[in-house]
Every structure is written in C-alpha cells, then in structure tokens.
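For reference, the structure discussed in these notes is given below.
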Number of protein chains: 2
Amino acid sequence: MTSTPTSQFDAIATLEDAGLRITGQRRQVVAAIERKGGGFTAEDIAAELEGVGRATVYRTLKLLVEADLICKLALPDGTPMYSASRVEHHHHSVCTSCGAIEEFRDTTVERVLRSLTREIEGEIVGHRMEVFIRCRKCLDSPSG
Amino acid sequence: MTSTPTSQFDAIATLEDAGLRITGQRRQVVAAIERKGGGFTAEDIAAELEGVGRATVYRTLKLLVEADLICKLALPDGTPMYSASRVEHHHHSVCTSCGAIEEFRDTTVERVLRSLTREIEGEIVGHRMEVFIRCRKCLDSPSG
DNA sequence: CTTTTAAATGATACTAACTATCATTAAACT
DNA sequence: AGTTTAATGATAGTTAGTATCATTTAAAAG
Ligand SMILES: [Zn+2]
Ligand SMILES: [Zn+2]
Ligand SMILES: [Zn+2]
Ligand SMILES: [Zn+2]
C-alpha cells in the first residue's frame with residue numbers, strides 16, 4: 001500500500017475550516033477511525049470510545065461522511081459500514097467473508113460513466129461502485 | 001420502455017421450482033410488486049397489503065432477492081429500496097430527488113470488471129453499481 | 001483572563017428496518 | 001380426507017440510527 005494514511009490533522013482541519021468546533025469527542029472519533037484499518041461500524045467506534053456518547057459518534061460520522069473524509073457503504077445484505085477515505089475519488093472492494101474493505105481507483109470506471117450519459121435519462125449527479133470479493137486472507141485460511 | 005414486464009407467473013414459477021410453497025400471501029406480494037413501477041420499500045408493500053403480515057412481507061422480499069427476481073439497493077443515505085428485475089444482469093439509476101429507480105444494462109461496466117481482476121487482490125464474486133441522477137421528471141418540474 | 005453565547009454533548013426516548021420465537025394455519029403430497 | 005411440514009402472524013427483540021432538550025463547553029468578545 002503506497003497511499004498516504006489519513007492524517008488526524010487533515011480531518012480536524014477540514015472540520016475546523018467548515019466552521020465546526022473542535023471538541024475532545026470529535027478528536028477521539030477521528031483518532032479511533034485512524035486506528036482502524038479497512039472498515040468499521042458506528043457501533044465499533046461507540047464501543048471503543050466509552051467516554052463518547054453514541055449520539056455524538058453517529059453525529060460525528062455523519063459530518064465526516066459529508067466532508068468526504070469517510071465513506072458509508074453497505075455489505076450485500078445492506079449492513080452499513082464505514083471506511084476512511086485515503087484517496088480522493090475511489091470505489092470499494094468488500095470481502096463478503098470477513099467484511100474487509102479496501103479502496104481502489106480505476107479511471108476506466110469513470111470512462112464508463114461518461115458513456116452512460118447517452119444511455120441514462122436525466123442528469124448524472126454521482127455514482128457508487130462496489131466490488132465484492134473473497135480476500136486473500138480468507139482464501140488462504142484453512143476454511144477455504 | 002421496450003423491456004418485457006416481469007410476469008407474475010415467472011416469479012411464482014421460480015419460487016415453485018425452488019421447492020417453495022405458493023401461498024396466497026406470496027401471490028399478493030408478487031402482484032403488488034408488479035403494480036409498482038420504479039422502486040418501492042418493504043413498508044410500501046406491507047401498507048398496501050393489509051391482509052399480509054409485515055414479517056411475511058419481509059420474508060417474501062428476501063426470497064425474491066435471493067431468487068434474483070428483485071434487487072435490494074440503497075439510496076445515497078443508506079435507505080433501503082427494492083426494485084423489480086426485468087433484465088438479467090443490470091445496474092440501477094436512482095433519482096436523488098424522487099427516489100425513482102430504473103434499470104440499465106451496460107456491457108462496458110462488465111469490461112471494467114475484467115480489467116479490475118488485475119488491480120484487486122482476491123477473487124471477485126460480485127459487484128454493484130448505482131448511478132445517482134436527477135430524473136427528467138424532477139428536472140422538468142417547477143421546483144427545478 | 002473572565003464573561004458571553006451559541007454550538008455541541010449525552011441521556012433518554014423514539015423510529016425504521018428488520019429478525020427470532022412459537023403457537024396456529026394451510027399447502028401439497030398420499 | 002388425512003397427514004405432514006412449510007408458512008404465517010402476533011409479539012417481542014435487535015440494529016442502526018434520529019429527535020428532544022437540559023447541561024456543558026469551545027471559542028469569540030470584552
Ligand atoms: Zn476476507
Ligand atoms: Zn467513480
Ligand atoms: Zn426524480
Ligand atoms: Zn455489472
């Protein structure tokens with residue numbers, strides 16, 4: 001992995017630039033996200049940060065999603081997951097066995113989007129693409 | 001729209017072929033889905049079919065998703081929506097203003113998938129792509 | 001450095017979208 | 001028609017949030 005890890009200062013600075021107050025709780029949520037690797041749930045964060053209320057965790061995650069600092073996505077069954085954004089525009093691979101989430105960038109996806117302009121009625125305002133995988137770790141594990 | 005509408009007989013026959021019992025409730029859920037156009041929620045169906053229990057509606061929708069007769073997808077904020085499948089493998093356009101869902105097929109998306117095999121660690125088992133739009137109806141409405 | 005003030009927090013209650021339990025009902029096979 | 005077993009529905013429980021509102025606190029003002 002050669003991408004730069006998300007810096008706490010970046011996330012905090014972005015919130016600050018948006019005119020939001022930098023509270024201890026928001027610092028804690030951002031720090032917890034940085035400690036997570038691939039993907040996490042809101043409840044993961046809430047459980048880890050006993051000193052931060054559940055409502056505040058959800059409120060902060062929503063702010064971070066709106067600021068494009070994290071992504072909210074769904075497993076095939078709809079279970080919501082969050083994932084820290086490390087590169088600007090990206091898509092996700094999600095392991096259906098262990099839930100591991102990785103980002104990937106692929107310009108061919110964007111090229112497809114441009115070709116869809118002809119097929120789709122209306123104005124395209126965004127898109128989402130998820131690739132479901134069995135990750136290397138899960139493939140290599142004894143349970144196959 | 002030139003695609004063939006989903007036939008109730010198809011859905012019922014598919015469930016039957018899977019060894020499931022054809023109950024009055026399942027017929028009613030399938031019929032309700034056929035009456036819907038673009039997209040619907042589980043609660044839409046439950047509210048419309050007063051004679052069918054909510055649990056049964058959710059159970060039936062799950063069966064139909066598993067049989068690929070309907071798709072479950074999410075609005076940008078994660079709100080789950082269902083949409084009848086009319087063509088075999090497809091993706092969705094979702095209007096972020098009114099929630100209207102349309103299917104589209106695009107072979108270039110599948111070509112992208114093949115190219116991703118080189119970029120993504122692990123074995124690709126599936127994918128999902130949603131294009132968010134403002135539909136013609138919403139663009140043409142007085143509120144812009 | 002205090003004071004001010006509006007944003008943020010947390011406890012609580014509530015909602016949405018399911019899921020589990022289990023006694024009762026009814027497909028479908030004989 | 002009788003038997004069996006899947007399916008149903010009422011109820012309660014779970015997960016992932018959102019709304020309310022009294023209390024706290026960040027940060028701007030003095
Ligand atoms: Zn895995
Ligand atoms: Zn993209
Ligand atoms: Zn619309
Ligand atoms: Zn596809």
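Throughout, a chain's letter reflects where its sequence line sits, starting with A, and its residues are numbered from 1.
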Which nucleotide in D/dT18, C/dA8, C/dT19 has an atom nearest any side-chain atom of A/Thr23: C/dA8
B/Glu43 side chain, from C-beta outward: closest of C/dT9, C/dA20, C/dA17: C/dA17
Any donor-acceptor pair under 3.5 Å from B/Glu48 side chain to B/Ala32 backbone: no
Touch class at under 4.0 angstrom, heavy-atom based, for A/Thr41 against every strand present: nothing
Nearest to side-chain heavy atoms of B/Arg21, which nucleotide of C/dA8, D/dT8, C/dA28: C/dA28
From D/dG17, D/dT8, C/dA17, nucleotide with atom closest to A/Tyr82 side chain: D/dG17
Given C/dT19, D/dA26, C/dA11, the nucleotide with the shortest approach to the side chain of A/Ala55: C/dA11
Which nucleotide in D/dT20, D/dA7, C/dA17 has an atom nearest any side-chain atom of B/Thr79: C/dA17
Ion pair A/Arg128/B/Glu130, N-O distance below 4.0 Å: yes
Sugar-phosphate, base or nothing in reach of B/Gly19, heavy atoms under 4.0 Å: nothing
Residue A/Glu50 excluded, over 12 heavy atoms near CD under 6.0 Å: no
Parallel, tilted or perpendicular: ring planes of A/Tyr82 versus A/Phe40, cut at 30 and 60 degrees: parallel
